[in-house]
Asker: 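Quick one: the structure is below, questions incoming.
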Amino acid sequence: PISPRAPNAAQSSASLPAMAPSGFVLGMLAALGVADALTVARMWDCPLCVAEENCHVACNNIRHQSPGSAYCMESCIGAHPDDSFDNTWFDNADRAAAQRKQLDSNIKELGRELAADVAAAK
């Protein structure tokens, strides 16, 4: 039996309200000299989310692809805050994509060979 207090599998963290800094926290930060609202807002950003967003922007600037394109989405998987999103990043992503494509092709070929062996054995 499922406990009525157990989270529903259909619920996600996306359905939860965003945590915003309280007035008290903002007041304390202002008193400490952190007056820039952008700095305060960034203190609550997800570092991996920001890194991926920066990667998508760089993808647009460097590869001239739409930031939401499949190319940028796949190229930016695994982006971390300390990464440099330059030509080298995207060259490495291109190599990894080519390796995945080759591996997929090899697996499909093995499947065809196995199917042919099974058919020949009948």
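Along the sequence shown, residues carry numbers from 1. What's counted below: heavy atoms across the whole structure, side chains too, no hydrogens, waters or symmetry copies.
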Asker: Remaining members of Trp89's ILVMFWY cluster at a side-chain heavy-atom cut-off under 4.5 Å?
Answerer: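 Besides Trp89, the hydrophobic cluster comprises Ile62, Tyr71, Phe85, Phe90, listed by chain and residue number.
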Asker: Is the side chain of Asp45 donor-acceptor paired with the backbone N or O of Pro47 at a distance under 3.5 Å, no angle test?
Answerer: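 Absent.
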Asker: Only one of Arg100, Lys101, Arg63 passes salt bridge (Lys or Arg N to Asp or Glu O under 4.0 Å) with Asp94; say which it is.
Answerer: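 Only one of Arg100, Lys101, Arg63 forms a salt bridge (Lys or Arg N to Asp or Glu O under 4.0 Å) with Asp94, namely Arg63.
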Asker: Between Asp83 (side chain only) and His80 (backbone N and O only), is there a donor and an acceptor less than 3.5 Å apart?
Answerer: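 A pair under 3.5 Å: yes.
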Asker: For residues Gly68 and Met73, report the shortest heavy-atom separation together with the two atoms involved.
Answerer: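 Taking Gly68 first and Met73 second, the nearest heavy atoms are O-CG, 3.7 Å.
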Asker: Give every donor-acceptor pair under 3.5 Å between a side-chain atom in residues 113-122 and any protein atom, sequence neighbours left out.
Answerer:
none

Asker: Are Val50 and Asn54 side-chain neighbours, meaning at least one heavy-atom pair lies under 4.5 Å?
Answerer: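 Yes, their side chains come closer than 4.5 Å.
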Asker: Go through the steps for Cys59 and Cys76 under the test disulfide bond (SG atoms under 2.5 Å apart), then give the verdict.
Answerer: CA-CA 8 Å; Cys59 182; Cys76 293; 5.4 Å; no
Asker: What distance separates His56 NE2 from Gln65 CD, expressed to the nearest 0.5 Å?
Answerer: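 CD of Gln65 is found 12.5 Å from NE2 of His56.
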Asker: In Å, rounded to the nearest 0.5 Å, how long is the span from NZ of Lys108 to CG of Asn106?
Answerer: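 Output value for this atom pair is 11.5 Å.
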Asker: Can you establish whether the number of heavy atoms outside Glu53 located under 6.0 Å from its atom CD is more than 12?
Answerer: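 Atom CD in Glu53 is not crowded, with 12 or fewer foreign heavy atoms closer than 6.0 Å.
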Asker: Closest approach of Ala79 and Leu48, non-hydrogen atoms and distance?
Answerer: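 For Ala79 and Leu48, the tightest heavy-atom pair comes out as O-CD2, 3.8 Å.
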Asker: Using a 3.5 Å distance criterion without hydrogens, assess whether the side chain of Ser75 forms a donor-acceptor pair with backbone atoms of Cys72.
Answerer: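 Flag not set: sc Ser75 to bb Cys72 has no pair under 3.5 Å.
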Asker: Salt bridge or not between Arg95 and Asp91? Use side-chain N to carboxylate O under 4.0 Å.
Answerer: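 Not counted as a salt bridge, because no side-chain N and carboxylate O are separated by less than 4.0 Å.
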